[in-house]
Structures are given as C-alpha cells and as structure tokens.
Amino acid sequence: MTTTLTVGPWSALGSAASQVRTAVFVQEQGIPAEMEWDVADQDAVHAVVYDAQGAPVATGRLLPQSPGVARIGRMAVLKTLRGSHLGQRVLEALVQAARERGDLEVCLHAQTSAQGFYERLGFTPRGEVYAEVGIPHIEMFLVCGLAPDGTNKTDGFLPQD
C-alpha cells in the first residue's frame, strides 16, 4: 500500500485528522463527539497518513506534557487498515518530533486493547489501569532523548541521527 505521512499543525492537518478521529472514536467506539475535540488540537503537532488516493487513514497528535516530557494522543487508524503498520508510522513520526524539540520522554494513555502494540514499539506501562471515557486505559512511556549529561537514554525505538 502506497501512503504518505505528513506532520504539521492543526491548521494544515485538522480536517484530515478529524475525518479519521470521527470514524474511529465517535462512530466506531461511540465516544461522544463533544468529548473528542478540545482546544489542545490548536497547539499540537499532528501526523496524518494518506492513502494513494489522498484519503486520510491514520492520525495522532503530540502535546507538551511538562518540561522535557511530551504526550502522544488521539492515535487512530481506520479499522480496515489496522495491522498494516500505519499506526507505527504515526507513532514514530511523533516520537521523532518530540526528540527534535528536545523532549526526553514521551508518554501516552493507551487503551488497554492497544497496550501490546505500544509495548512492541518500546513503551513501558506505568501505574494502574483506569477508565477514560468509559474505556480501560493505562499510562505508558518511552525514554526518547539524551540526558542533560549527553548520555544516550534511547532504548532503540528510533535510531539517533
């Protein structure tokens, strides 16, 4: 499958990201639309994968969580394309964006049904399972940058340049 990945602001990618998120979160998972959208989209870095016809098929966003820590969220891949590594491409692009801006850690709130996906890509669970919008989630994290002393704290998720 030929795809294109684009990383950018909501102003450029919001319409495409919205299509995927509406299909996955609102229509498929039944999350109320008013709970899906927030003002954080305006300040987030977004990643969208487009298929060969230019239709958006996967998305995610990156936000600052705290100094040196980024948070990935709203990861979504259309149901018919899950397992085709599109989620991995989005995740890798967002981790790289976090690394480029100097973040040392990336965290996310994974639906427990996707925990294995994130673990295979180097994320580690932290804390206990909890409900978010009525769906079981667990916080996960990945050390992704260099420590202040310059030592490599990367666990191999992405190669360092």
Side-chain angles (χ1 to χ4, degrees), residues 1-103 105-123 130-142 144-145 157-158 161:
M1 169 190 243
T2 302
T3 60
T4 304
L5 179 123
T6 303
V7 176
W10 184 252
S11 59
L13 301 177
S15 176
S18 293
Q19 289 177 49
V20 177
R21 285 167 51 181
T22 297
V24 172
F25 298 127
V26 178
Q27 295 171 352
E28 179 187 335
Q29 296 183 354
I31 296 170
E34 61 273 9
M35 295 183 78
E36 174 53 28
W37 312 110
D38 60 30
V39 296
D41 280 321
Q42 301 299 322
D43 298 321
V45 173
H46 295 268
V48 176
V49 176
Y50 299 88
D51 68 13
Q53 291 72 42
V57 294
T59 191
R61 73 179 185 183
L62 177 74
L63 295 162
Q65 173 84 8
S66 60
V69 179
R71 179 175 171 196
I72 291 175
R74 303 304 202 269
M75 288 282 299
V77 177
L78 295 181
K79 189 173 188 172
T80 58
L81 296 173
R82 291 187 196 137
S84 59
H85 304 286
L86 299 177
Q88 180 176 343
R89 288 187 63 204
V90 169
L91 193 63
E92 288 174 346
L94 295 174
V95 168
Q96 186 61 39
R99 194 178 266 145
E100 287 171 1
R101 71 180 187 195
D103 291 319
E105 179 181 298
V106 175
C107 68
L108 53 82
H109 295 178
Q111 292 185 9
T112 55
S113 62
Q115 182 175 344
F117 164 76
Y118 293 111
E119 286 177 332
R120 285 189 297 278
L121 295 173
F123 281 78
Y130 60 94
E132 187 172 304
V133 294
I135 300 170
H137 281 72
I138 187 155
E139 182 180 7
M140 301 186 79
F141 74 98
L142 173 77
C144 69
F157 179 78
L158 291 173
D161 292 334

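Computed over heavy atoms, backbone and side chain alike; hydrogens, waters and symmetry mates excluded. Worth saying up front: this structure is predicted, and the values here are computed from it rather than measured.
- Summarising the geometry of Leu13 relative to Gly8, their closest heavy-atom pair is CD1-N, 3.3 Å, with the distance given to 0.1 Å.
- Rounding to the nearest 0.5 angstrom, the gap separating the OG1 atom in Thr59 from the CZ atom in Arg21 is 6.5 Å.
- Around the NE2 atom of His85, the shell of radius 6.0 Å holds no more than 12 heavy atoms that belong to other residues, nucleotides or ligands.
- In this structure, the side chain of Arg82 engages the main chain of Val77 through a donor-acceptor pair within 3.5 Å.
- Residues Ala70 and Ala98 approach most closely at CB-CB, 3.9 Å, considering heavy atoms.
- Note that CD1 of Ile135 is 4.5 Å distant from CD of Gln29, once rounded to the nearest 0.5 Å.
- Side-chain contact between Glu100 and Val45 is absent, with no heavy-atom pair separated by less than 4.5 Å.
- In terms of heavy-atom proximity, Leu94 sits nearest to Gly60 at CD1-C, 3.6 Å.
- Distance check, rounded to the nearest 0.5 Å: CE of Met75 to CG of Leu62 gives 11.0 Å.
- For the residue pair Leu5 and Ala93, the shortest heavy atom distance occurs at CD2-CB, 3.6 Å.
- Contacts classified as ring pair (Phe, Tyr, Trp, His ring centres under 6.0 Å) and involving residues 3-35 (residues at least two apart or in different chains) are given here: Trp10-His46.
- Inter-residue side-chain proximity for Leu86 and Thr3 is flagged as met; some heavy-atom pair is nearer than 4.5 Å.
- Atom CD1 of Ile72 is separated from atom CZ of Phe123 by 4.5 Å, given to the nearest 0.5 angstrom.
- Counting all heavy atoms, side chain and backbone alike, His137 lies closest to His109 at CD2-O, 3.3 Å.
- A donor-acceptor pair under 3.5 Å is formed between the side chain of Arg99 and the backbone N or O of Cys144.
- Proximity of Leu78 to Val20: side-chain heavy atoms (C-beta onward) are separated by under 4.5 Å at one or more points.
- Residues Gly87 and Phe117 approach most closely at C-CZ, 3.6 Å, considering heavy atoms.
- In this structure, a donor-acceptor pair under 3.5 Å is present between the side chains of Gln88 and Glu92.
- The CZ atom of Arg61 sits 4.0 Å away from the CZ atom of Arg74 when rounded to the nearest 0.5 Å.
- Atom CD of Glu132 is separated from atom CD of Glu139 by 10.5 Å, given to the nearest 0.5 angstrom.
- Tyr118 has its side chain out of reach of Leu142: every pair of non-hydrogen atoms, C-beta onward, lies at least 4.5 Å apart.
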